[in-house]
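What you see is a predicted model, and the numbers here were worked out from it, not measured in a lab. Naming: A, B, ... by sequence-line order, numbering from 1 per chain.
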There are 2 protein chains.
Amino acid sequence: MTTSAPRRPRQDAVDNRAGILSAATAAIAHDPQASINTIARSAGLSRRALYGHFADRNALLAEIIDAGAKRFNRIALDVTDANAQVALARLTSLLWQQAAHVQVAASIALDDAHLEATGKALAPLRHAVAAILQRGQNDGTLRTDVDVTTLARLVEEAARAAITRVDASLPEARSLAVRTTLSMAGLSWRETVALLEAHPDILGAPAADGAAPADTAPAAGDAATAGDAATGDTPAAGAKR
Amino acid sequence: MTTSAPRRPRQDAVDNRAGILSAATAAIAHDPQASINTIARSAGLSRRALYGHFADRNALLAEIIDAGAKRFNRIALDVTDANAQVALARLTSLLWQQAAHVQVAASIALDDAHLEATGKALAPLRHAVAAILQRGQNDGTLRTDVDVTTLARLVEEAARAAITRVDASLPEARSLAVRTTLSMAGLSWRETVALLEAHPDILGAPAADGAAPADTAPAAGDAATAGDAATGDTPAAGAKR
DNA sequence: AATAACTTGCACACTTATGTGCAAGTTATT
DNA sequence: AATAACTTGCACATAAGTGTGCAAGTTATT
């Protein structure tokens, strides 16, 4: 009696699961109180089916937070500029691409029930921010009239506001988010403008591998980056079954 | 048959009604989802009694918003500094004293159900802010890299974050809120520090009537102002009946 | 002291949302 | 083609919140 080898999940089920996560991200970004039913339906599934993929609401939220945090933390590792001002600007610019995820993370992070979990998940990003700010304070390139901890919170709030409370479809949206963060970090608006002019790559393409820093970056790479980000890929398309 | 003259409300009832408003402000500032029961109990009343004073949840919220908005709008009128930077700083400083009310207004304003009502109630304050920002842009004392409308939103968000997301008991809290707003308006952190040093009255007493602009303003006025504000006068004391 | 105003507690109806069990149908996989 | 996996719709139990009616008690006001 060989224990029957457990067949692996069906492909449509895998897709549906991913669809739920995606739909939930979009739905919660739009309304933190979105019901399970709303989420399931916007993923093209029945409420009942959703419970076949996630034990309960918390399990779903936990995974969303985790996914978002992983993106953020990976981004944070990518920012290696020695100049604190530049590092902060670039970090904001990259996070801006993850608007929907930032929105969701912010919503859930404000909820007492998930405060601890979100705190843990976002720790690497927060550490990275703190490190950048500390570095900037040490070399005098960032404000020193506020202690690092408080400054970190203010910068985080400013970034969140600029990323999530401004129409992301506006062409200046990204630049605006970056300038907002820098302002909060102590720079004057003229300094932020000058910095962005001196470092056009910050608002441009993410400077892939050894690619040439041409005028306009390869459309492919740019599109790919924007594809899985920004608006948060709402499926709306029906799920398979 | 003279129609019996309707006796006017009992004093304890008047007090209880005020107590509910006060408790609701505090409760909602702490948790926008606070239940009617929670509010009533924290006002020292039963849930049932609350419905004797307010038709429903909306009526209660509407009055809270109105009360807060009136405070804000009155404050806005008090700020008459010609210098836009100074005006913005003073406005923030005065609003900081209304932390609990700012918190509540922000919570309710984010709710779709009350978006319209809050928008109307807060219109005067928002107009005042827009006017200040416009003035600053015209004379070049505030940033001009962002249009007034967007700048107004960013400043509002920054102020809200600084006022409500920072421990108000910290001695630097007020100064921090002011500097945050100025930073968002385009000043460098050194400029904000300089401005506050040049205008110590902004963080001090509200410069009553024609009073002398002495070093430290009359303690009486200061205490009175802080009394009905900041922490949001949580009653906790039982209601009379 | 009489009266009207107010509060309380309880019962009740109603709504919204969560989570589960189950039978019947559909689809991917073998 | 057979089978296991998946989805659906329905019923059901549970929970929490809202808003109202009513009788009984308490308190301010006249």
Side-chain N or O of A/R47 closer than 4.0 Å to phosphate OP1/OP2 of C/dT16: no
Distance test, side-chain N/O of B/H53 to OP1/OP2 of C/dT7, below 4.0 Å: yes
Tell me which nucleotide among [options] gets nearest to the side chain of [X].
{"X": "B/A49", "options": "C/dC6, D/dC6, C/dT8", "result": "C/dT8"}
{"X": "B/S46", "options": "C/dG9, C/dT18, C/dT3", "result": "C/dG9"}
{"X": "A/Y51", "options": "D/dT20, C/dC6, C/dG19", "result": "C/dG19"}

Sidechain N-carboxylate O distance under 4.0 Å for B/E63, B/R17: yes
Pair A/E156 + A/R153, salt bridge at N-O below 4.0 Å: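 Salt bridge absent between A/E156 and A/R153.
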d([atom1], [X]; [atom2], [N]) in whole Å:
{"X": "A/R48", "N": "D/dC12", "atom1": "CZ", "atom2": "C1'", "result": "12 Å"}
{"X": "A/L50", "N": "D/dT7", "atom1": "CG", "atom2": "P", "result": "10 Å"}
{"X": "A/L60", "N": "C/dA17", "atom1": "CG", "atom2": "C1'", "result": "15 Å"}
{"X": "B/N37", "N": "D/dA16", "atom1": "CG", "atom2": "P", "result": "12 Å"}
{"X": "B/Q33", "N": "C/dA17", "atom1": "CD", "atom2": "P", "result": "12 Å"}
{"X": "A/N16", "N": "D/dC6", "atom1": "CG", "atom2": "C1'", "result": "9 Å"}
{"X": "B/D15", "N": "D/dT27", "atom1": "CG", "atom2": "P", "result": "15 Å"}
{"X": "B/F54", "N": "D/dT18", "atom1": "CZ", "atom2": "P", "result": "15 Å"}

Base-pairing assignment for [N] (Watson-Crick or G-U wobble, both under 3.5 Å):
{"N": "C/dT8", "answer": "D/dA23"}
{"N": "C/dT30", "answer": "D/dA1"}
{"N": "C/dA17", "answer": "D/dT14"}

NE2 (A/H30) with more than 12 external heavy atoms under 6.0 Å: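 Count not over threshold, so no.
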Closest-nucleotide 5' rank along DNA chain D - winner of B/A55 and B/P9: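 Counting from the 5' end, the first nearest nucleotide belongs to B/A55.
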Any side-chain donor near an acceptor of the partner, B/N37 and B/S35, under 3.5 Å: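 No pair is found: no donor N or O on one side chain lies under 3.5 Å from an acceptor on the other.
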Note, A/L88 side chain near A/V178 side chain (heavy atom, < 4.5 Å): no
Sugar-phosphate, base or nothing in reach of A/R57, heavy atoms under 4.0 Å: sugar-phosphate
C/dA28 base / A/R10 side chain donor-acceptor hit below 3.5 Å: no
